[in-house]
Amino acid sequence: MFRRGESVPFAFLADADRFRSNVTPPPRAQRTSAEKAGSALFGLTVVAGLVGSLILGVPALDPDRPSQHHGPAAAESR
């Protein structure tokens with residue numbers, strides 16, 4: 001691989017701790033009530049989906065529950 005012959009000065013890293021900017025970032029925009037309601041509805045939908053999948057999935061994983069699957073009906077006549 002090609003290597004550069006000159007060394008790279010890293011003095012700017014040492015100066016980075018002492019540097020302070022006098023420029024302040026702009027203030028964050030306030031969220032409207034519609035945006036707050038939308039994010040709350042989205043969060044509620046995600047939580048309801050997780051709870052619903054647990055309600056439907058946990059009984060199917062229960063090992064003590066007797067199986068009601070008998071196989072295909074065509075195989076019974078053999």
For V58, the side-chain contact (heavy atoms from CB on, under 4.5 Å) test, sequence neighbours excluded, returns L54
Contacts of V47 meeting side-chain contact (heavy atoms from CB on, under 4.5 Å) (sequence neighbours excluded), chain-then-number -> V51
- Query: Hey, any chance L61 and I55 share a hydrophobic cluster, counting ILVMFWY side chains that come within less than 4.5 Å of each other, even indirectly?
  - Reply: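 No.
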Just grab all the side-chain hydrogen bond (donor to acceptor under 3.5 Å, both in side chains) pairs involving residues 32-46, residues at least two apart or on different chains.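 Found R31-S39.
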